[in-house]
Amino acid sequence: MSEMPERIARTAAAWLLEHFGIERPEPAVQPTRKEFEGAWTLVLFPYTGPSKKSPEALGQELGAALVESLDEVEGFNVVKGFLNLSLHPKYWAERLDQMVADVHCGGRATDENAAPEVVEYSSPNTNKPLHLGHVRNNLLGHSVAEMLQAIGRKVVRVQVINDRGIHICKSMVAYRHFGAGETPETAGLKGDHLVGKYYVAFDREYKRQIEELKAQGRDEESAGKQAPILLEAQEMLRQWEQGDAEVRALWTQMNEWVYAGFAQTYAALGVRFDRNYYESETYVLGKAVVEQGLSQGVFERRPDGSVWIDLSAEKLDEKLLLRKDGTSVYITQDLGTALSRHEDFGMRSMVYVVGNEQEYHFQVLFAILRRLGYDWAGALYHLSYGMVRLPEGKMKSREGTVVDADDLLGEMVDTARALSEELGKTEGMDEAEKQALYRMLGHGALKYFILKVDPVKDMVFNPKESIDFDGHTGPFIQYTHARIRSLERKAQSMNLPSWDGVLPDAASVVLIRQLDQWSGTLHSAAVGYNPALVANYVYELTKMYNAWYQNHSVLNNDDPAVSAFRLRLSAEVGRTLRKAMGLLGIECPERM
RNA sequence: GGUCGCGUAGCUCAGUUGGAUAGAGCAUCUGCCUUCUAAGCAGACGGUCGAAGGUUCGAAUCCUUCCGCGAUCGCCA
């Protein structure tokens with residue numbers, strides 16, 4: 001990473017102290033805005049009072065002092081209260097050298113011996129296929145894991161599969177009634193879609209029965225509770241818990257189908273997990289925690305036998321941990337899961353990628369772990385993200401407005417294919433290369449569209465027009481990458497000389513400066529769990545490169561050394577695009 | 001009602017720890033392919049940064065109040 005801003009700040013601080021006795025605030029050095037000349041800008045306002053100088057006068061003196069004492073600083077200008085410093089082209093040439101030589105491209109090698117960072121994401125239910133909300137979750141989780149890895153962290157990716165409970169029993173009951181032995185093969189459906197079909201079938205039948213009961217004079221509420229198919233599902237859950245062989249066999253079968261379906265969707269999304277946790281196995285884990293909490297006096301057993309914790313000191317109210325019948329609740333399972341993970345991995349921290357509707361839950365979870373005295377509880381983080389909504393509003397499965405993940409990915413590829421063919425971009429490609437390209441572009445467009453938005457914000461997704469392939473999009477960046485790769489291929493047969501001694505012109509310095517920001521951006525994005533920073537950085541870099549490319553011929557120059565230099569700069573931009581997009585889970589094509 | 005989050009151009013979004021004239025893309029309109037890929041580039045149009053106060057040399061950014069939207073406040077997960 002560049003240490004120039006720190007050196008400027010230190011030198012300026014020393015000068016301010018020596019000449020005016022000013023100790024604070026520390027000089028703020030920031031990248032110069034592009035409409036002004038210079039690379040780094042020092043803000044003078046805080047010192048005009050104590051120094052009794054005008055901003056202009058102070059800027060002139062400090063600028064001259066910095067030129068004097070820092071070899072890299074070539075010149076300066078003062079605009080209002082801002083001191084803009086320009087650096088020697090030679091400095092930028094050296095920065096480019098350093099970046100090209102950095103095999104980790106702004107990151108660090110993974111420390112395999114370090115305590116890992118656990119990233120939990122996806123965490124689906126097994127009663128229906130993945131939808132657009134899951135897509136945002138998976139993309140965020142995957143990208144966060146990739147970024148952490150890129151800055152040298154060891155990462156463990158996990159998911160909790162919610163494979164038990166009333167929801168899956170609903171699908172099972174409906175399958176028993178209406179399935180007639182159908183399988184994914186006979187139905188020609190992905191397993192998760194087949195199971196989801198019966199979840200919908202359950203709901204349809206359930207509603208029908210409610211209407212029937214109401215016609216017989218029942219009120220809405222009692223009809224809802226007494227519908228035979230619901231009672232059947234509840235009974236099936238009891239049988240499941242008792243280990244009924246037939247129910248367990250059906251459960252196993254249907255879950256297998258779902259996992260096979262999920263595997264396909266995960267593969268399409270390019271996400272993976274090092275370890276799966278199944279709720280059917282972890283839901284008992286919390287019991288030991290309850291005992292521990294009781295013996296520590298952190299939890300309290302009430303006369304009816306239920307166990308509670310009082311978090312009113314944290315303004316989180318009282319929270320139930322064990323029902324009076326001794327069964328555990330969600331938060332208890334999560335406590336148990338967290339503890340067992342700490343035993344499994346000895347992680348330094350853990351990030352849960354879960355929607356913002358569960359913010360309260362995680363506040364409670366973390367508070368309880370702190371109360372129990374786990375020092376690592378402070379290193380747990382809920383990456384809370386906003387909802388993906390449609391132009392009409394929230395997606396509702398009951399109204400059929402849910403955007404299915406598989407359908408969406410498929411449509412993206414279709415759109416990419418149509419557009420590529422229309423533009424005649426695929427001439428000379430064989431079929432396999434075409435398919436790979438359509439996939440890269442379609443998925444890239446979707447992934448970029450989702451990841452460029454700050455995770456905390458809700459986002460609007462319009463299936464008909466949201467995904468563009470022009471402008472601030474994944475394909476725009478992929479296209480620029482392909483152009484650079486094309487230059488590199490062409491240059492191979494040109495036998496270019498060394499770039500040594502060629503100094504970057506002002507326009508090239510702009511590009512090098514942007515490259516110089518990459519390492520810092522990557523680091524902030526990773527520790528801030530925010531892929532949007534990477535997405536927006538890479539867009540800026542791409543725009544700058546395209547502007548440069550437009551009036552800087554890379555390979556057609558009188559001086560072949562200039563060509564060599566520009567090619568090298570282009571290649572480094574290309575490599576950075578590839579790296580950054582990779583962290584977003586997006587591949588860049590060699591040609592398009 | 002309590003708590004948390006969000007509110008920036010017609011639409012979708014950026015806006016680093018408070019700094020310069022609030023930026024992109026889409027859409028609309030103008031130009032640019034006989035030199036490396038036009039999924040590109042250059043330009044025009046478009047804003048009382050939800051509102052009002054406050055802090056500050058300086059506020060889209062921090063504080064307060066209000067308005068709007070969302071989430072949450074289950075022995076669901």
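Values below: every heavy atom of this structure, side chains too, minus hydrogens, waters and symmetry copies. Naming: A, B, ... by sequence-line order, numbering from 1 per chain.
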Whole-angstrom distance between [N] and [M], as gauged at atom [atom1]:
N	M	atom1	value
U8(B)	G43(B)	P	27 Å
G1(B)	C66(B)	P	11 Å
G47(B)	G10(B)	C1'	12 Å
A24(B)	G18(B)	P	24 Å
U64(B)	C6(B)	P	14 Å
C45(B)	C63(B)	P	36 Å
A20(B)	C49(B)	P	15 Å
C67(B)	A51(B)	C1'	7 Å

Where the side chain of [X] is concerned, which of [options] is the nearest nucleotide?
X	options	value
Phe82(A)	A24(B), G70(B), G19(B)	G19(B)
Tyr360(A)	C73(B), A20(B), C75(B)	C73(B)
Asn556(A)	C36(B), A77(B), C6(B)	C36(B)
Tyr330(A)	G23(B), A77(B), U37(B)	A77(B)
Phe36(A)	A20(B), U37(B), C4(B)	A20(B)
Val460(A)	U12(B), U37(B), G40(B)	U12(B)
Asp458(A)	G70(B), C26(B), G19(B)	G70(B)
Val43(A)	A14(B), G19(B), C41(B)	G19(B)
Arg323(A)	A14(B), C75(B), A71(B)	C75(B)
Lys457(A)	A39(B), A77(B), U8(B)	U8(B)

Name the orientation class of the two ring planes belonging to Trp548(A) and His552(A) (parallel below 30°, tilted from 30 to 60°, perpendicular beyond 60°). parallel
Parallel, tilted or perpendicular: rings of Tyr352(A) and Phe362(A) (30°, 60°): tilted
Polar pair under 3.5 Å, donor/acceptor by atom type, side chain [X], base [N]:
X	N	value
Thr41(A)	A20(B)	yes
Asn84(A)	A20(B)	yes
Thr480(A)	A39(B)	no

Here's a test of your reading of the structure: between Met459(A) and Glu279(A), which maps to the more 5' nucleotide of RNA chain B? Met459(A)
Assuming nearest nucleotide by heavy-atom distance, tell me which of Asp454(A) and Asp325(A) is located more 5' along RNA chain B. Asp454(A)
Which one of Tyr539(A), Phe449(A), Tyr448(A), Phe469(A) satisfies the ring pair (Phe, Tyr, Trp, His ring centres under 6.0 Å) criterion with Phe476(A)? Tyr539(A)
Indicate yes or no: does Lys434(A) engage Glu421(A) in a salt bridge with an N to O separation below 4.0 Å. no
Within the structure, does a side-chain N or O atom of [X] lie under 4.0 Å from either OP1 or OP2 of [N]?
X	N	answer
Lys80(A)	U21(B)	yes
Ser486(A)	U37(B)	yes
Lys452(A)	A14(B)	no

Mind checking if [X] touches a base, just sugar-phosphate, or nothing, with heavy atoms under 4.0 Å?
X	answer
Val453(A)	sugar-phosphate
Leu441(A)	base
His552(A)	base
Pro46(A)	base
Arg389(A)	sugar-phosphate
Ser420(A)	base
Ala28(A)	nothing
Tyr539(A)	sugar-phosphate
Ile166(A)	nothing
Lys425(A)	base

Can you measure [X] atom [atom1] to [N] atom [atom2] for me and round it to whole angstrom units?
X	N	atom1	atom2	result
Ile331(A)	C73(B)	CD1	C1'	14 Å
Arg483(A)	C36(B)	CZ	P	11 Å
Leu533(A)	C13(B)	CG	P	17 Å
Ile467(A)	C26(B)	CD1	C1'	12 Å
Asn546(A)	A38(B)	CG	P	10 Å
Leu365(A)	U72(B)	CG	P	18 Å
Phe469(A)	G40(B)	CZ	P	12 Å

For C33(B), does the glycosidic angle fall within 90° of 0 (syn) or outside that (anti)?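 Syn.
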Would you say the side-chain atoms of [X] and [Y] include a donor-acceptor pair closer than 3.5 Å?
X	Y	answer
Thr473(A)	Asp468(A)	no
Ser306(A)	Arg302(A)	no
Asn137(A)	Tyr385(A)	yes
Asn276(A)	Gln159(A)	yes
Thr126(A)	Asp163(A)	no

Which dot-bracket string fits RNA chain B when only Watson-Crick or G-U wobble pairs with both atom distances under 3.5 Å count, crossing pairs get [ ], and | stands for a partner on a different strand? (((((((..((((.....[...)))).(((((.......))))).....(((((..]....))))))))))))....
Do Glu587(A) and Arg578(A) pass the salt bridge (charged side-chain N to carboxylate O under 4.0 Å, His left out) test, and can you show the C-alpha distance, the side-chain angles, and the key distance before you say yes or no? CA-CA 7 Å; Glu587(A) 290 178 90; Arg578(A) 204 154 55 240; over 6 Å; no
Atom CG in Leu321(A), atom CZ in Arg301(A): separation rounded to 0.5 Å?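 Reported to 0.5 Å precision, the distance equals 11.0 Å.
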Would you check if Phe45(A) stacks with the base of G58(B), given a 5.5 Å centroid limit and a 30° plane limit, both strict?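 Whether judged by distance or by angle, Phe45(A) falls short somewhere, so it does not stack on the base of G58(B).
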With sequence neighbours excluded, give me every side chain to side chain donor-acceptor pair (under 3.5 Å) pair touching residues 449-460 of chain A. Arg389(A)-Asp458(A)
